[in-house]
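A note on names: the letters A, B, ... follow the listed sequences, proteins ahead of strands, and every chain is numbered from 1.
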Protein chains: 2
Amino acid sequence: MSTRVLVVDDEEDLCEILQFNLEGEGYEVDVAYSAEEALKKDLKSYQVILLDVMMGKISGFKLAKMIRQEMKLSVPIIFLTAKDGENNTLTGFSLGADDYISKPFSVREVIARVKAVIQRTRSEGGYEGKKLTYREFELDDAGKQLIINKKVIELTKKEFEILYLLMDNPSRVFSREDMMNRIWTDEVVVMARTVDVHVARLRKKLGKYGHYIRSKPGYGYYLEHE
Amino acid sequence: MSTRVLVVDDEEDLCEILQFNLEGEGYEVDVAYSAEEALKKDLKSYQVILLDVMMGKISGFKLAKMIRQEMKLSVPIIFLTAKDGENNTLTGFSLGADDYISKPFSVREVIARVKAVIQRTRSEGGYEGKKLTYREFELDDAGKQLIINKKVIELTKKEFEILYLLMDNPSRVFSREDMMNRIWTDEVVVMARTVDVHVARLRKKLGKYGHYIRSKPGYGYYLEHE
DNA sequence: GTAAAGTGTAATCAAAATGTAACAACCATG
DNA sequence: CATGGTTGTTACATTTTGATTACACTTTAC
């Protein structure tokens, strides 16, 4: 799942710069030039909202309050304020809070914040401690390990990601391309056969359960129906 | 009883951001844009007061003195100070269990402090000597030391914090970023490799138990399953 | 049944991640 | 203003993982 970010600011230049850079980081970026425009979006579909405090009729604060109080959304919000701070190097931390950045800010800084916020919400919400199960498999996301009948099986990152994908959507067939898109970042391009090799290694580690992962010739891989 | 917080600062944006975020944390937040305005409030009804040092006619310090000496209140005060190079004119300032944060700060930091202060005043008297154990490790939070088979091992602060984090969540994998965020809270940014070095030093002190701390390539560090 | 396409997997080399010593900066303390 | 302890960074050694290729084997299409 790609991470979606919404930028709400009436300065078009700024929006473009942010959009360009955040997209460069692999985020899917949407832009709104006013609070009204932002309200037309499906706000709950974003992982982070960057919000200018000073804007046309409806201020960023009002919008934030609407988002929180009326729409009852808990999307993390990062405020952009015009008060110029000097050098904001920042890394504070506390769970569940929004944040603010003073203009002028460096793009680097914004990206750092966005990453931090996403990181935080990831490890906070249902993501942490998430355990996927399929037959005798128990995939422990926090521990990045697989447990089969109380036995721990260590997986490499790629193996973990492949198994995670499959167990998250059992009985769905994933083409090699699907997997490449989901598991490998855009900059990295690998051969389709590479997927096969990883699946083979994963199967080997699964021992007698290896055949739970099945291949459908011409289509891809999937988990056998329970 | 809900926890009441008063924010006193002449920067309206900042006040709003703090109010918004603290309310998001479940606090009841009141705002005053000047010392005079603050004095009209029922100051003893707050559990914490966030106070800007630099403000109009009456400075934050003066207000604090009035609160402490004339009104004889012991409400915890957290000062917000403008960060200037030759700081520490503050260190001599000991009006009790107060705290101060330099601007520019991150909202997360403020919230963390507020939580800490409230926590502290709540559990006053009852000393919290939390002890974590994992296999033959016994981590004494009060003494900030590790005991293995009756033997005391002195740890540096960072070592202690890393071990504490791991022992508090055994078998969970912490990325270097996780650790940086949790352990280097203040406005310090360190390289990810710095975490590695600390882990290495910690392992060395743990001697033959060093391998209890394991690394998972691509993910981070965790405590070996017992 | 046979050819073509698709898949399984061992072996190999390259790349990434980790372990750690060494050094420099920092800081509290006497 | 030395001093020892702590901390952050770098550089290099080592380990682990990852990508590709080659060849054996299976499935599919006709």
Side-chain angles (χ1 to χ4, degrees), chain A residues 89 91 144-146 153-163 166 173-185 187-222 224, chain B residues 85-88 91-92 144-146 153-163 166 173-224:
Chain A
T89 31
T91 7
K144 303 293 178 199
Q145 59 187 6
L146 171 68
I153 294 180
E154 302 285 345
L155 302 177
T156 70
K157 197 172 177 186
K158 288 281 176 287
E159 287 158 8
F160 182 86
E161 288 171 330
I162 288 173
L163 189 55
L166 294 174
V173 181
F174 288 94
S175 70
R176 288 161 181 72
E177 214 166 332
D178 282 342
M179 291 188 168
M180 280 159 37
N181 288 333
R182 301 227 194 187
I183 294 174
W184 278 267
T185 54
E187 304 104 65
V188 187
V189 180
V190 296
M191 316 256 94
R193 296 309 309 280
T194 299
V195 174
D196 297 7
V197 176
H198 282 291
V199 169
R201 293 204 267 244
L202 179 52
R203 280 185 176 138
K204 200 171 186 181
K205 283 196 182 172
L206 299 182
K208 62 177 175 180
Y209 303 106
H211 66 270
Y212 283 179
I213 299 178
R214 311 213 24 182
S215 65
K216 187 176 271 292
Y219 289 106
Y221 295 99
Y222 66 102
E224 186 176 86
Chain B
E86 79 240 54
N87 48 12
N88 293 355
T91 29
K144 301 294 179 200
Q145 58 188 9
L146 170 69
I153 293 180
E154 297 293 341
L155 300 178
T156 69
K157 197 170 176 205
K158 289 280 175 287
E159 286 157 7
F160 179 87
E161 288 174 325
I162 288 172
L163 190 55
L166 293 175
V173 180
F174 288 92
S175 70
R176 288 161 181 71
E177 216 165 329
D178 280 343
M179 291 187 171
M180 281 161 30
N181 289 332
R182 300 244 205 166
I183 294 174
W184 280 264
T185 39
D186 290 318
E187 294 142 16
V188 185
V189 179
V190 295
M191 315 256 95
R193 295 308 310 271
T194 298
V195 175
D196 297 8
V197 175
H198 281 288
V199 169
R201 295 205 261 245
L202 177 54
R203 278 184 178 141
K204 203 170 185 181
K205 284 196 183 173
L206 299 181
K208 62 176 176 179
Y209 303 106
H211 66 269
Y212 283 178
I213 300 178
R214 312 228 331 170
S215 65
K216 185 169 282 274
Y219 286 116
Y221 294 99
Y222 67 103
L223 283 185
E224 186 177 84

Colleague: Who pairs with A200(B) by side chain to side chain contact (heavy atoms under 4.5 Å, CB included), at least two apart in sequence or on another chain?
Modeller: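 Side chain to side chain contact (heavy atoms under 4.5 Å, CB included) list for A200(B), sorted by chain: empty.
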Colleague: Applying side chain to side chain donor-acceptor pair (under 3.5 Å), name anything that partners Y219(B), two or more places apart in sequence or on another chain.
Modeller: none
Colleague: For a 4.0 angstrom threshold against heavy atoms of chain B, report the outermost contacting nucleotides of DNA chain D in 5' to 3' order.
Modeller: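 Here the contact window of chain B covers dT6(D) to dT17(D).
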Colleague: Given atom NE2 of H198(B) and atom P of dA21(C), what is their separation to the nearest angstrom?
Modeller: 15 Å
Colleague: What pair of heavy atoms forms the shortest contact from L166(B) to F174(B), and how long is it?
Modeller: CD2-CD1, 3.7 Å
Colleague: Below 3.5 Å between N/O atoms, which protein atoms pair up with nucleotides 9-15 of chain C? Just atom names and distances, please.
Modeller:
{"unit_1": "dT9(C)", "atom_1": "O4", "unit_2": "R193(A)", "atom_2": "NH2", "d": "3.3"}
{"unit_1": "dA10(C)", "atom_1": "OP2", "unit_2": "K204(A)", "atom_2": "NZ", "d": "3.2"}

Colleague: Starting from C1' on dC27(C), measure out to NZ on K157(B) and report it in whole angstrom.
Modeller: 13 Å
Colleague: Would you mind telling me which residue lines up with the more 5' stretch of DNA chain D, V190(B) or P217(B), judged by nearest nucleotide?
Modeller: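 Of the two residues, V190(B) wins.
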Colleague: Tell me the bend of the helix from dG1(C)-dC30(D) to dG30(C)-dC1(D) as the angle between end helix axes, each from five pairs, rounded to the nearest 10 degrees.
Modeller: 40°
Colleague: Under 4.0 Å between a side-chain N or O of Y219(B) and OP1 or OP2 of dT18(C)?
Modeller: no
Colleague: Run the side chain to side chain contact (heavy atoms under 4.5 Å, CB included) test against E177(A) and tell me which residues pass, sequence neighbours left out.
Modeller: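 For E177(A) the side chain to side chain contact (heavy atoms under 4.5 Å, CB included) partners, ignoring immediate neighbours, are S175(A), N181(A).
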Colleague: Ignoring backbone atoms, establish whether R176(B) has a side-chain N or O less than 4.0 Å from OP1 or OP2 of dT18(C).
Modeller: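 So the side-chain polar atoms of R176(B) do come within 4.0 Å of the phosphate oxygens OP1 or OP2 of dT18(C), strictly under.
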Colleague: Between K158(A) and I183(A), which heavy-atom pair has the shortest distance, and what is it?
Modeller: CD-CG2, 3.9 Å
Colleague: For dA17(C), does OP1 or OP2 lie under 4.0 Å from any side-chain N or O of S215(B)?
Modeller: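 No, outside the criterion.
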Colleague: Please list, chain by chain and in numerical order, all residues satisfying side chain to side chain donor-acceptor pair (under 3.5 Å) with K216(B), sequence neighbours excluded.
Modeller: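 Applying side chain to side chain donor-acceptor pair (under 3.5 Å) to K216(B) gives E154(A).
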Colleague: Scan residues 199-211 of chain A for pairs that pass salt bridge (Lys or Arg N to Asp or Glu O under 4.0 Å), counting only residues two or more places apart or in two chains.
Modeller: E159(A)-K205(A)
Colleague: What residues form a side chain to side chain donor-acceptor pair (under 3.5 Å) with Y222(A), not counting sequence neighbours?
Modeller: none
Colleague: Just to be sure I understand the rule, does F160(A) reach a base, reach only the sugar-phosphate, or reach nothing, if contact means heavy atoms closer than 4.0 Å?
Modeller: nothing
Colleague: Quick test of your reading: applying salt bridge (Lys or Arg N to Asp or Glu O under 4.0 Å), list the pairs with at least one residue in residues 189-200 of chain A, sequence neighbours left out, ordered by first then second residue.
Modeller: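 The answer is R176(A)-D196(A), R193(A)-D196(A).
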Colleague: Would you kindly give the CE-to-P distance between M191(B) and dT20(C), to the nearest whole Å?
Modeller: 21 Å
Colleague: Could you pick out which residue, V195(B) or A192(A), lies toward the 5' side of DNA chain D when each is mapped onto its nearest nucleotide?
Modeller: V195(B)
Colleague: Please classify the nucleic acid contact of T194(B) as base, sugar-phosphate, or nothing, using heavy-atom distances under 4.0 Å.
Modeller: base
Colleague: Return the set of residues passing side chain to side chain contact (heavy atoms under 4.5 Å, CB included) with K157(B) (not counting sequence neighbours), or none when no residue passes.
Modeller: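 Here the qualifying residues are E161(B).
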Colleague: At their closest point, which heavy atom of Y221(B) faces which heavy atom of I213(B), and how far apart are they?
Modeller: CD2-CG2, 4.3 Å
Colleague: Using whole Å, what does the distance between atom C1' of nucleotide dT18(C) and atom OH of Y222(B) come to?
Modeller: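 That distance rounds to 13 Å.
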Colleague: For V189(A), which residues count as a side chain to side chain contact (heavy atoms under 4.5 Å, CB included) partner, sequence neighbours excluded?
Modeller: none
Colleague: Atom OH of Y221(A) and atom P of dG6(C): how far apart are they, to the nearest Å?
Modeller: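 Taking OH of Y221(A) and P of dG6(C), I get 13 Å after rounding.
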